[in-house]
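Worksheet for the structure shown next.
Order of listing sets the numbers, starting from 1, for every ligand and every atom in it.
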Amino acid sequence: MTAVRDPGAAPLLEIRGVSKRFGATRALSSIDLDVRAGEVHAVLGENGAGKSTLMKVLGGALKPDDGALRLDGAPFTPRDPRQARRAGVAVVHQERALCPHLTVAENVFLGDEPTRGPWLDARAMRTRSAALLTQLAGEARASRTDPSAKVASLPPGDQQLVEIARALAAPSPRVIVFDEPTSTLDAADVARLFEAIRALRARGLAVVYVSHFLEEVRAIADRFTVLRDGAKVAEGEVASSTIDGWVSAMAGRAIEALYPRSARAADPSREVVLEARALAGVRLPRDASFTLRRGEVLGIAGLVGAGRTELLRAIFGLDPIARGALRVLHVEGAARPHARLEAGVGMLSEDRAHEGVALARSIADNVGLSRLPWIVREGAQRAIGQRWIERLGIRAPSVDAPVSALSGGNQQKVALARLLHHDVDVLLLDEPTRGVDVASKATLYGVVDELATRGKAVLLVSSQVPELLGVCDRIAVMARGVLGPARPVSEWTEEAILAEATATATATAA
Ligand SMILES: Nc1ncnc2c1ncn2[C@@H]1O[C@H](COP(=O)(O)OP(=O)(O)OP(=O)(O)O)[C@@H](O)[C@H]1O
Ligand SMILES: [Mg+2]
């Protein structure tokens, strides 16, 4: 798989023999990698392969145990992220690293604020961050990311744009690293990000790009490197390789069926477990009507910000209901989250770090949290945790490892395991495969399929249209807070879903 074009070009960034251990885990084993000026270099690999560890080394957030980096021919040994950034290497990390209590503009320039004489130039910060965000968010939605807004008040997708703007605002950038930049972005955001990346490349910068969205990688990257278990296993030119080839290199085997799917016929005689009529939240959603039966997977498509997350939050009792009717498993009207859980409704939040898992606690604690008497609890929890590690292929040194020590995709699997362990009847899943590698996605789709076959009901919010088409029985599209009719998956195409998601709202404003 090795094909090197233009071998004469000296690399802008050289990585030689870089190794990193965490206790018994070898996160990186003697990695060699060259990144050239004017290229987008993709780093691929399964969850836990070592991608983020390598990006943290590049960005000065982690020190390698061994090996050396060179930038522009000179040794590059950043003491911390600030020094790396000053030297020209800026990183958009997988886990958001913003200060939630500061404003958008303050975050974009944190550490290298523009000054006027002895003073911070607050106005320059605001205008320059507004310009960057308009470039990234588009004219129409630039108001979404007001430079004086507190970052904490923004939804995850907008926070991600702020994070990207922060990397683009680095003083004299040479290398920009993106670690899973698009998992909270919709198609229009991704298109604008790619325009920005192409402009960086044209200016002769090097871009390092980590993503599990392999179609996107294909569209943006020039060369690629595959890591497996901390070692480099393949590299080459994107143009002369295939996605299947990448996946085999990542997994060490071919993936057969991405969407395992049992034959399930729509059965109108089955119990309706969730019914919404003209449901509205305080701001979003504005109008949602649907029914969900046992044995069914209902998908909700739509753009980021359309109100899909808010719909799930209203159903689960995290947000108040302003109008309309709701019945969930014989319970009429609103209920608190703990009451929902008691009744048999569970939710996987899109904001894993804040609502999904307790990062400082072990896998066993997170998954097995139960009402067992404390004497038996610990042993039982570890056994339960172990079962889920095997079932979902969670890569972890042990069941006692804190979730914070797991890679991003593996943290997501722990959050899902915790929900699945509750064995609820109605599952509300908000972007369940975010940050999850291709092989693990196939495993998770298999789990969803099995749940439906066992008579559970699943409401699945996803920004990945192929995923919705592959997994759901019916799909409805939400646009500007209004949910369209749910139709069988056979009546939808990718284009039809995108068209409905981006259609101008026809419903009368509430
Ligand atoms: N702070 C840490 N302490 C202990 N182990 C860690 C720590 N950070 C990472 N690891 C381990 O190092 C390995 C590589 O993790 P890394 O985050 O680099 O994976 P990744 O390729 O980015 O995966 P993902 O696709 O899920 O983001 C994993 O086994 C992980 O558990
Ligand atoms: Mg990672």
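- Minimum interatomic distance between A169 and L132 (heavy atoms only, all atoms of both residues): CB-CD1, 3.7 Å.
- Closest protein heavy atom to atom 9 (C) of ligand 1: F22 CE1, 3.5 Å.
- When each of I300, L348, I475, L429 is paired with L460, the side-chain contact (heavy atoms from CB on, under 4.5 Å) condition holds for L429 and for no other.
- Taking only nitrogen or oxygen atoms, main chain and side chain alike, A27 does not reach within less than 3.5 Å of ligand 1.
- In this structure, a donor-acceptor pair under 3.5 Å is present between the side chains of Y445 and E467.
- Looking only at distances, a side-chain donor or acceptor of R340 sits under 3.5 Å from a matching main-chain atom of I315.
- Side-chain contact annotation: D179 with S52, donor-acceptor N/O pair under 3.5 Å present.
- Scanning the protein heavy atoms around atom 29 (O) of ligand 1, the nearest turns out to be T25 CG2, 3.6 Å.
- At under 3.5 Å, a nitrogen or oxygen of S52, whether backbone or side chain, sits near a nitrogen or oxygen of ligand 1.
- Any protein N/O/S atom under 2.8 Å from the Mg ion (ligand 2) was counted, giving 2 altogether.
- Residue-to-ligand polar distances keep G435 apart from ligand 1: every N/O pair is separated by 3.5 Å or more.
- Across all their heavy atoms, G302 and S463 have their closest contact at O-OG, 4.5 Å.
- Considering both main-chain and side-chain atoms, G48 comes within under 3.5 Å of ligand 1 through a nitrogen or oxygen pair.
- Judged by distance alone, the side chain of N410 and the main-chain N or O of I394 form no donor-acceptor pair under 3.5 Å.
- Looking at R198, R36, R201 one by one, the single match for salt bridge (charged side-chain N to carboxylate O under 4.0 Å, His left out) with D222 turns out to be R201.
- For E46, every heavy-atom contact with ligand 1 shorter than 4.0 Å involves the backbone, none the side chain.
- Within the 4.0 Å heavy-atom shell around ligand 1 one finds H212.
- Contact between G50 and ligand 1 is present, with at least one heavy atom of the residue lying under 4.0 Å from the ligand.
- When every heavy atom of E180 is checked against every heavy atom of Q94, the shortest pair comes out as CG-NE2, 3.6 Å.
- Close N/O approach between T53 and ligand 1 is found [any backbone or side-chain N/O within under 3.5 Å].
- No side-chain N or O of H93 forms a donor-acceptor pair with one of E95 less than 3.5 Å apart.
- F224 and W246 have tilted rings, their planes meeting at an angle from 30° to 60° on a 0 to 90° scale.
- Aromatic ring orientation, Y209 versus F178: tilted (interplanar angle from 30° to 60°).
- Close N/O approach between G409 and ligand 1 is found [any backbone or side-chain N/O within under 3.5 Å].
- The ligand atoms of ligand 1 that sit less than 4.0 angstrom from a heavy atom of Q94 are 27 (O).
- In summary, the side chains of Q464 and T433 do not present any donor paired with an acceptor at a separation below 3.5 Å, with no hydrogens or angles considered.
- Considering backbone and side-chain atoms together, N47 places an N or O closer than 3.5 Å to an N or O of ligand 1.
- The shortest separation from a heavy atom of Q411 to ligand 1 is not under 4.0 Å, leaving the residue out of contact.
- Closest heavy-atom approach to atom 10 (N) of ligand 1 within the set G23, A405, G230: this belongs to A405.
- In this structure, K441 and V436 approach most closely via the heavy-atom pair CE-O, 3.3 Å.
- Taking every heavy atom of L406 and a limit of under 4.0 angstrom, the matching atoms of ligand 1 come to 31 (O).
- The closest protein non-hydrogen atom to atom 17 (O) of ligand 1 is S407 CB, 3.4 Å.
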